[in-house]
Amino acid sequence: MKEYSSDKIRNVAVVSHDGAGKTALVESLLLTSGAVDFVGKGQDNKHIMDFEPEEIKRNVTIQLGMAPCEWHDHKVNFVDTPGYNEFHGEVRAALRACDGMLMVLSATSGVETDTVRAWDYAVELQMPRMAFINKMDVDGADFFGTIERMRELFGKGIMPLQIPIGEGANFEGVVDVAKMTAFTYKDGQPTEIAVPAHLIEKAQEIREMTVEAAAEGSDELLEKYLEGEELSLDEIRQGLREGMISGRVCPIMCGSATSRIGLDQVLDRMIRYMPDATKKVMTATDAETGEQRAIHVDKPLTAFVFKTLLDPFAGKQSFVRIFSGELKEGDRLFDVNQGVEEKWGKMVTLIGKQQIPVSTAKAGDIVVIPKLANAKTGDTLTAPDFKVTYDAIRFPQPLYTVAMEPVKKGEEEKLASAVLKVAEEDPTCVVVKNAEARQLQVDCMGEVHLEHILNKMDRKYGVQAKLVTPYIPYRETIKGSAETESKYKKQSGGHGQYGHVKIQVDPLYDGSEFAFVDKIFGGAVPKQYIPAVEKGAKETLDKGLIAGYPMIGVQVTLLDGSYHSVDSSELAFKVATSQAIKDVIPKAKPVLLEPIYEVNVFAPDAFMGDIMGDLNSRRGRVLGMEQSERTGISVVKAQVPLAEMADYVTALRSITQGQGVFNRQFHTYEEVPHKQAEEIIAAHKTQE
């Protein structure tokens, strides 16, 4: 593959809902362009892009993949992404690396949940987008119904550039409404024909919409259009391109990936309408001054690691988008986030898993650099004398929490190492080593994502994990005040042990976990032993007194005591205090507390009743409901115990047909209801 200047490079993220035929489209585009000689069909397991064992087994895309091709003296870097929502983090990574988005929709299913999610994220990133309505040759295909639904959801900027010649079994080609000509296809090869008579009126109607949209692309074209002058084909294209880059227009094409109908025109429009890399201006932070800097393609080298893959045999692969300058073999490369210069030997581009060597990559290109020792996803790589950083990718929050143990005893370290390597590849897999619980916890996106993680650990790193109940960080506290005294006295020949304390405990209401007050007068307890009293109280409370959870919100006051001039020691006063705490807490109305989280649930209005009912069944308090920024989507605000949220990712997905999402953050601790508290305390006693 030859070198291309920045203005000849197009970077396109290909996104869709699961099952729309996105990967089939990418592979057929590679075949049409001549980048590959053969692609698989259906579930024959000969796909170029989906080569991981889990992808082959499920016949779905799980991780993003690169697919560069050459077309009409341009290079198009397609980045294929997963369609299933539990792998949506890969979509966000791909969009960070690309300059435009191609949405793939099924002509039979229309607009689906993850299509909307990807659209919203592209809007957030101000990313130009176009769409391809696939599967026009499948029974039940409905091009105009899909267009109508897209306009309802995304606005009047949805602009067909083509209309189909037939649908379902009768689909044979497309009409180019701007040129008012038509193409039929055989074995992927187009034949230009006149627009069929029965489609002329519809094609002219759509063309008028297209011309109007193009005219709004610039003041000059709009003035010409309003004066009744005819826009030339080049002016229509210019207006559509400007409208697409500004986000006001989303051009729509149609065809069939498997029958290879309309794919040459998709490639033409990638080049014609997608922004070239010279137009990309990034904002970076100066690593030395902290100031914001605008980075144009002609600045010194800056690049961004948007994806990391680890392989036990091939090593690490860092997927890198170059935003400015150029990278040549032998150049020095500095990882600003890690503060180290990286040693590297080569770079490649990938078509699926096939590596193609690259000696020079210019601004705008996407390459893979093997075996960078320190680089992680989200790191900025630069020339050593131009240290800036780009913002990290905003990945979705993983909210499905599980705890893991190795199936084989003694493989705890092996398991921890394996899951940490998976997390390095996948930022939506977050590993938490819970010291309080002595438990390895993993936050992920859902049950399918979890299964993928477990399979990958087994296949790549040879360790099997079993799931255990995740630890809930309950707390204990007191609601009343009480006092007691305790004397620790021990004589065993020689020096003995003597410590005597009188203490009082009171609840704290200021949010503090622990407070110690010394009210000793007259030296009843010498000053050198006071810290031992405080330490004995704190350590005993931290171990828990009713269910084994740390006790918080307690003030311990040392009221009085006594000592022995020979036998007293720090240890004796520490033991005496511990005994006193164990004696006094049951008298101070101890209770169990549970973590309460603030939860915001976003879903279509039609599901609000079911969502609130489900939250109530989880002992949640629904605080209210309000409209979100998107029409037809509301947000329910609630406070819910963490103990009731374990399966909420799956439950919400079921309630809302996959359309609901939520976020959460810790709010406070509240008293556990009596029945649940009894069960937790009883479970603790059986483990003692």
Check your understanding: Can you name the nearest heavy-atom pair linking Ala651 to Arg618, along with the distance?
Key -> CB-NH2, 3.2 Å
Study note, to complete from the structure: When rounded to the nearest 0.5 Å, the distance separating CG of Asn85 from OG1 of Thr113 is 8.0 Å
Exercise for review: Report the residue from Tyr563, Tyr529, Tyr488 that forms a ring-ring contact (aromatic ring centres under 6.0 Å, His included) with Phe573.
Suggested key: Tyr529
Exercise for review: Salt-bridge test for Glu483 and Lys587: reply yes if a basic N is under 4.0 Å from a carboxylate O, no otherwise.
Suggested key: no
Revision key, fill the gap. Between the CG atom in Leu541 and the OG1 atom in Thr477, the distance rounded to the nearest 0.5 Å is 9.5 Å
Exercise for review: Run the salt-bridge test on Arg475 and Glu594 with the 4.0 Å N-O cut-off and return the result as yes or no.
Suggested key: no
Check your understanding: Any ion pair linking Arg621 and Glu670 (charged N to carboxylate O, less than 4.0 Å)?
Key -> yes
Review point. Distance-only, no hydrogens or angles: does the Ser568 side chain make a donor-acceptor pair with backbone N or O of Ser565 under 3.5 Å?
Key: no
Exercise for review: Inspect the contact between Glu288 and Lys387 and indicate whether a charged nitrogen and a carboxylate oxygen are less than 4.0 angstrom apart.
Suggested key: no
Check your understanding: Has the side chain of Thr656 got a donor or acceptor atom that lies under 3.5 Å from a matching backbone atom of Leu652?
Key -> yes
Point to revise | Donor + acceptor pair across side chains of Gln317, Asp311 (<3.5 Å) | key: no
Review point. Under 6.0 Å between the ring centres of Tyr390 and Phe323?
Key: yes
Check your understanding: Looking only at heavy atoms, what is the nearest atom pair of Met445 and Gln397, with distance?
Key -> SD-O, 4.1 Å
Review point. When you measure from the side chain of Asp567 to the backbone N and O of Gln497, does any donor-acceptor pair fall under 3.5 Å?
Key: no
Check your understanding: Should Glu124 and Arg394 count as an ion pair when the cut-off is N to O under 4.0 Å?
Key -> yes
Review point. How about Tyr669 and Phe666: are their ring centroids closer than 6.0 Å?
Key: yes
Check your understanding: Taking it one step at a time, do Ser578 and Glu539 satisfy side chain to side chain donor-acceptor pair (under 3.5 Å)?
Key -> CA-CA 8 Å; Ser578 178; Glu539 288 182 356; over 6 Å; no
Practice item. State whether a side-chain donor-acceptor pair under 3.5 Å links Thr308 with Thr377. Key: yes
Point to revise | Under 3.5 Å donor-acceptor, Thr289 side chain and Glu291 backbone | key: yes
Review point. Is it true that Arg664 and Glu598 have a side-chain N and a carboxylate O under 4.0 angstrom from each other?
Key: no
Practice item. Ignoring hydrogens and angles, state whether a donor on the side chain of Thr389 or Thr380 is under 3.5 Å from an acceptor on the partner side chain. Key: no
Review point. Just how far is it from atom OG of Ser481 to atom CG of Asp506, taken to the nearest 0.5 Å?
Key: 3.5 Å
Check your understanding: Any sub-3.5 Å donor-acceptor pair from Asp614's side-chain atoms to Asp610's backbone N or O?
Key -> no
**Study point:** Distance, nearest 0.5 Å, that separates CG of Asn600 from CG of Leu623
**Key:** 9.0 Å
Review point. Does Glu534 have any side-chain hydrogen bond (donor to acceptor under 3.5 Å, both in side chains) partners at least two apart in sequence or in another chain, and if so, which?
Key: none
Review point. Taking Lys414 for the side chain and Gly462 for the main chain, is one N or O donor matched with an acceptor at less than 3.5 Å?
Key: yes
Check your understanding: So, Glu342 side chain and Ala375 main chain: donor-acceptor pair closer than 3.5 Å or not?
Key -> yes
Practice item. State whether a side-chain donor-acceptor pair under 3.5 Å links Gln504 with Thr557. Key: no
Point to revise | Short side-chain donor-acceptor distance under 3.5 Å, Thr401 and Gln441 | key: no
Check your understanding: Would Gln627 and Ser634 count as having a side-chain donor-acceptor pair, cut-off 3.5 Å?
Key -> yes
Point to revise | Gap between atom CD of Gln639 and atom CG of Leu615 - 0.5 Å precision | key: 11.5 Å
Review point. Quick one: does Gln555's side chain have a donor or acceptor within less than 3.5 Å of a partner on Leu508's backbone?
Key: no
Review point. Is it true that Glu671 and Lys479 have a side-chain N and a carboxylate O under 4.0 angstrom from each other?
Key: yes
Practice item. Answer with yes or no whether the side chains of Gln665 and Tyr597 bring together a donor and an acceptor at under 3.5 Å. Key: no
Practice item. Would you please name every residue forming a ring-ring contact (aromatic ring centres under 6.0 Å, His included) with Phe304, sequence neighbours left out? Key: none
Check your understanding: Quick one: do Glu86 and Arg653 make a salt bridge, cutoff under 4.0 Å?
Key -> yes
Exercise for review: Would you check if the side chain of Gln439 reaches a backbone N or O of Met404 as a donor-acceptor pair within less than 3.5 Å?
Suggested key: no
Check your understanding: Is Lys538 paired with Glu513 through a side-chain N to carboxylate O contact shorter than 4.0 Å?
Key -> no
Exercise for review: Using a strict 4.0 Å threshold on nitrogen-to-oxygen distance, state whether Arg117 and Asp114 make a salt bridge.
Suggested key: yes
Check your understanding: Could you go step by step and tell me if Val640 and Ile596 meet the side-chain contact (heavy atoms from CB on, under 4.5 Å) rule?
Key -> CA-CA 6 Å; Val640 188; Ile596 305 296; over 6 Å; no
Check your understanding: Should the pair Tyr498 and His500 be assigned to parallel (<30°), tilted (30 to 60°) or perpendicular (>60°) ring geometry?
Key -> perpendicular
Review point. Looking at Cys429 and Val442, what are the two nearest heavy atoms and their distance?
Key: SG-CG1, 3.8 Å
Exercise for review: Would you kindly say whether Asn374 and Asp335 are connected by a side-chain donor-acceptor distance under 3.5 Å?
Suggested key: no
Review point. Can the ring centroids of Tyr84 and His449 be said to lie less than 6.0 angstrom from one another?
Key: no
Check your understanding: So, are Glu425 and Lys376 salt-bridged, with charged N and O less than 4.0 Å apart?
Key -> no
Practice item. List the steps and the verdict of side chain to side chain donor-acceptor pair (under 3.5 Å) for Thr285 and Gln292. Key: CA-CA 5 Å; Thr285 302; Gln292 298 292 293; 2.9 Å; yes
Review point. Please walk me through it: do Met645 and Val599 pass side-chain contact (heavy atoms from CB on, under 4.5 Å)?
Key: CA-CA 10 Å; Met645 295 289 289; Val599 178; 3.8 Å; yes
Practice item. Check whether any side-chain N or O of Glu412 sits under 3.5 Å from a backbone N or O of Pro406 as a donor-acceptor pair, and report yes or no. Key: no
Point to revise | Separation between OG1 of Thr302 and CZ of Arg293, rounded to the nearest 0.5 Å | key: 10.5 Å
